[in-house]
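Okay, structure first, notes after.
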Amino acid sequence: MKKSKNINEIVNETMEEFGQVKVQTKISERLEELGMSLVELSKLTGIRYASLNELKNGKKVTLNLQHLIAIMIALRIKSFDQLLSLDFMENDMEELFDKEVIQYAEQGLPEEKREQIRMNAIRLEGEKELREFQ
């Protein structure tokens, strides 16, 4: 059980790295473009209406990749950026994020992130993962 707890802690730490961030969905816009209702999307994908409504309203906490793919296929969306985007609650955090996007693209993963990977592997008691990373 400890491993599961550590995984959740690490996920939460990653999500909190840039302060409060909300996921914005573009489902409403795409449905409107297609003249489709959320009920119809539910019937087309087999995903519960309540789950789609939570996702549309940004209240869904966890997402199933299989559901996202079904939604994308049903709405004829090829890229996640056509469906989801991050909305930073603090402008300075968004600026920092954008700066790091460029740094990662130009210079690769910085050493402090590599160290974070090593430490997380230890926290997860994953000596195998640690060896694979080195």
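Residue numbers run from 1 in the order of the sequence given.
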So, taking the atom named [atom1] in [X] and the one named [atom2] in [Y], what distance separates them when rounded to the nearest 0.5 Å?
X	Y	atom1	atom2	value
Lys78	Leu83	NZ	CG	15.5 Å
Thr14	Glu9	OG1	CD	11.5 Å
Leu44	Ser37	CG	OG	10.5 Å

Pairwise salt bridge (charged side-chain N to carboxylate O under 4.0 Å, His left out) hits with a residue in residues 93-109, at least two apart: none
Pairs flagged by salt bridge (charged side-chain N to carboxylate O under 4.0 Å, His left out) wherever residues 23-50 is involved - sequence neighbours left out: Arg30-Glu33
Using every non-hydrogen atom in the two residues, find where [X] and [Y] come nearest and quote the distance to one decimal.
X	Y	result
Leu109	Arg114	O-NE, 3.5 Å
Gln116	Lys113	OE1-NZ, 2.9 Å
Ala70	Thr45	O-CG2, 3.7 Å

Criterion side chain to side chain contact (heavy atoms under 4.5 Å, CB included) on Leu34 and Arg76, from CA distance to verdict: CA-CA 10 Å; Leu34 297 173; Arg76 300 303 190 263; 6.0 Å; no
Residues forming a side-chain contact (heavy atoms from CB on, under 4.5 Å) with Ile69, sequence neighbours excluded: Leu65, Ile73
Pairing residues for Leu38 by the side-chain contact (heavy atoms from CB on, under 4.5 Å) criterion, not counting sequence neighbours: Ile27, Leu31, Leu41, Tyr49, Leu52, Asn53, Lys56
Single-linkage hydrophobic cluster, 4.5 Å side-chain cutoff, Met89 and Val23 together: no
Within one Ile-Leu-Val-Met-Phe-Trp-Tyr cluster: Leu86 and Ile102, side-chain cutoff 4.5 Å: no
Partner residues of Tyr104 under the ring-ring contact (aromatic ring centres under 6.0 Å, His included) criterion, sequence neighbours left out: none
CA sep, side-chain torsions, deciding dist, call: Asn64, Ile47, side chain to side chain contact (heavy atoms under 4.5 Å, CB included): CA-CA 11 Å; Asn64 178 320; Ile47 300 169; over 6 Å; no
With Asp92 via side chain to side chain donor-acceptor pair (under 3.5 Å) - residues at least two apart: none
Close side-chain approach of Phe80 and Met72, heavy atoms under 4.5 Å: yes
Stepwise side chain to side chain contact (heavy atoms under 4.5 Å, CB included) check, Arg123 with Glu13: CA-CA 13 Å; Arg123 288 172 65 189; Glu13 289 167 8; 2.8 Å; yes
Aromatic ring pairing Phe18/Phe88, orientation class (parallel under 30°, perpendicular over 60°, tilted between): perpendicular
Other residues, nucleotides, ligands: >12 heavy atoms within 6.0 Å of Gln66 CD: no
